[in-house]
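For ligands, and for the atoms within them, numbers begin at 1 and follow the listed sequence.
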Amino acid sequence: MEDTNRRINGHTRTCGLIANPVEHTLSPVIHNTLAQIQGENLVYVPFRVSEELLGEAVKGAYALNLLGVNVSVPYKSAVIPFLQEVDSLAGNIGAVNTLVRMEGGYKGYNTDMPGLFRAMTEDGVRIEDEKVLVLGAGGVARAVAMLLASKGARQVYLLNRTLERAQEIAAEINGMEKRELVQAMALSDYRRLPEEQYLAIQTTSVGMHPHVNQAVLEDVEFYKKIHTGYDLVMNPAHTRFMQLVEAQGGRAFNGLKMLLYQGIIAYELWTEETVDEALAAQIYAQLQEAVR
Ligand code: ATR
């Protein structure tokens, strides 16, 4: 790969990532490779920001003329008060991961859910008319449930260790949708799921490195009901959940393509360029290399 330093000059635009910690991020791989291949004079760098300085970091980024900023854990909601505007999807989700420069400040977007949708579309996984299981009921599960609602899922079962959290999300989304789309269920009640074939989306951190031998459920009877399993975890690349899905004949995917496309959509917002599927595949190969 060409040395980034050689391309930096007076015209170079800077983008970056605000998070804490930030050292594990794969986003520089996505954006710097895209910029290099597209011949865009842009660099992307990580910024470790402590909580009490978040507002100043956003202000400072604007003052320093940063073209765009990604925001990651733990600031996706906390950053909202410091923005000039918030896109409606990001507002509904309550989480922003991409800041786009505008007059007077940054506008916040959420490219995580559009990224997941683009990844699923690319993998040939459909949402429309599907019966879907969502595992977990945190912020990510809530956003996923909103995506499922907006893309016409037929029925969503939200399974969580703590039933109340799943009930809160179900009530909220059913209220917005004006239909009984989401049904909350305690994880331990999984045997009560109707005998159907489901798309399952795993949103908890269970199974993430270093706990690679864990999955939220182990019972093969549960996995027999899953035709496609999406684990939003990407480290390890092949999670225990994915292995359990595959062992019962289902297709399984990890969160790496969602990461890829949330980055690509952010890059498209910043540069107003379109990243085609051939280029996306090239970047994906780089990401796979980086996680190996
Ligand atoms: P995020 O915003 O990333 O979704 P979160 O709000 O902390 O994170 O939510 C984490 C989710 O993982 C929750 O659904 C949590 O279940 P509880 O609501 O019962 O806490 C789930 N989770 C975490 N560890 C788990 C475990 N060991 N078994 C089952 N679920 C777990």
Side-chain angles (χ1 to χ4, degrees), residues 17-22 24-27 51 54 70-80 89-98 108-117 119 132-149 156-173 182-193 198 200-219 221-223 226 229-236 239-245 253-259 262:
L17 169 67
I18 290 177
N20 191 8
V22 77
H24 61 281
T25 180
L26 292 169
S27 291
E51 191 178 355
L54 179 60
N70 279 141
V71 179
S72 192
V73 177
Y75 302 133
K76 289 185 183 187
S77 300
V79 76
I80 291 176
L89 174 69
N92 285 337
I93 292 172
V96 157
N97 76 318
T98 300
Y109 290 84
N110 185 301
T111 72
D112 287 328
M113 286 309 112
L116 175 60
F117 183 63
V132 191
L133 309 178
V134 177
L135 302 175
V140 177
R142 181 172 168 276
V144 166
M146 284 185 174
L147 174 72
L148 297 171
V156 177
Y157 292 93
L158 197 58
L159 283 77
N160 198 44
R161 181 176 58 182
T162 313
L163 176 62
E164 292 71 29
R165 289 186 85 187
Q167 285 171 330
E168 276 171 33
I169 296 174
E172 186 190 1
I173 295 195
V182 184
Q183 201 170 314
M185 204 181 246
L187 200 52
S188 52
D189 280 341
Y190 69 90
R191 289 182 202 81
R192 290 185 17 225
L193 283 168
Y198 298 93
I201 303 178
Q202 201 299 109
T203 74
T204 77
S205 54
V206 178
M208 207 179 268
H209 182 81
H211 307 289
V212 298
N213 293 321
Q214 296 181 4
V216 276
L217 290 169
E218 287 286 339
D219 189 347
E221 294 305 316
F222 172 71
Y223 290 94
I226 298 176
Y230 247 92
D231 197 335
L232 302 192
V233 169
M234 60 191 124
N235 181 17
T239 62
R240 171 103 184 120
F241 172 80
M242 291 168 66
Q243 290 166 25
L244 288 161
V245 168
F253 302 91
N254 66 19
L256 198 61
K257 249 187 207 168
M258 171 178 167
L259 178 84
Q262 65 73 33

Please assess Ser27 against Gln262 for the test side chain to side chain contact (heavy atoms under 4.5 Å, CB included), listing each intermediate value before the final yes or no.
CA-CA 10 Å; Ser27 291; Gln262 65 73 33; 4.2 Å; yes
Backbone or side-chain N or O of [X] under 3.5 Å from ligand 1 N or O:
X	result
Leu187	no
Ser205	no
Asn160	yes

State the [atom1]-[atom2] distance between [X] and [Y], to the nearest 0.5 angstrom.
X	Y	atom1	atom2	result
Lys76	Asn70	NZ	CG	9.0 Å
Met242	Tyr230	CE	OH	9.5 Å
Ile93	Met113	CD1	CE	6.0 Å

So which heavy atom in the protein is nearest [atom], and how far is it from that ligand atom?
atom	answer
atom 5 (P) of ligand 1	Gly138 CA, 3.9 Å
atom 21 (C) of ligand 1	Thr204 CG2, 3.6 Å
atom 2 (O) of ligand 1	Gly139 N, 3.2 Å

Exactly one of Leu232, Val140, Leu259 clears side chain to side chain contact (heavy atoms under 4.5 Å, CB included) with Leu116, and that residue is Leu232
Under 4.0 Å from a heavy atom of [X]: which atoms of ligand 1 are those, numbered in the order shown and with their elements?
X	value
Arg165	6 (O), 9 (O), 13 (C), 17 (P), 18 (O), 20 (O)
Gly136	14 (O)
Val140	1 (P), 2 (O), 3 (O), 4 (O)

Heavy-atom proximity to atom 22 (N) of ligand 1, best of Arg142, Arg161, His211
Arg161
For atom 19 (O) of ligand 1, which candidate among Val206, Thr162, Ile169, Val216 holds the nearest heavy atom?
Thr162
Taking atom types as modelled and ignoring hydrogens, do the side chains of Thr111 and Asn97 form a donor-acceptor contact shorter than 3.5 angstrom?
yes
Does the protein place a non-hydrogen atom closer than 4.0 angstrom to atom 31 (C) of ligand 1?
yes
Please check atom 7 (O) of ligand 1 for a protein heavy-atom neighbour under 4.0 Å.
no
Report the C-alpha separation of Val156 and Gln183 in whole Å, then their side-chain angles, then the decisive distance to 0.1 Å, and conclude whether the side chain to side chain contact (heavy atoms under 4.5 Å, CB included) test is met.
CA-CA 6 Å; Val156 177; Gln183 201 170 314; over 6 Å; no
Test side chain to side chain contact (heavy atoms under 4.5 Å, CB included) on Asp231 and Phe253 and set out the steps.
CA-CA 6 Å; Asp231 197 335; Phe253 302 91; over 6 Å; no
Does Arg240 pair with Glu218 as a salt bridge, N-O distance under 4.0 Å?
yes
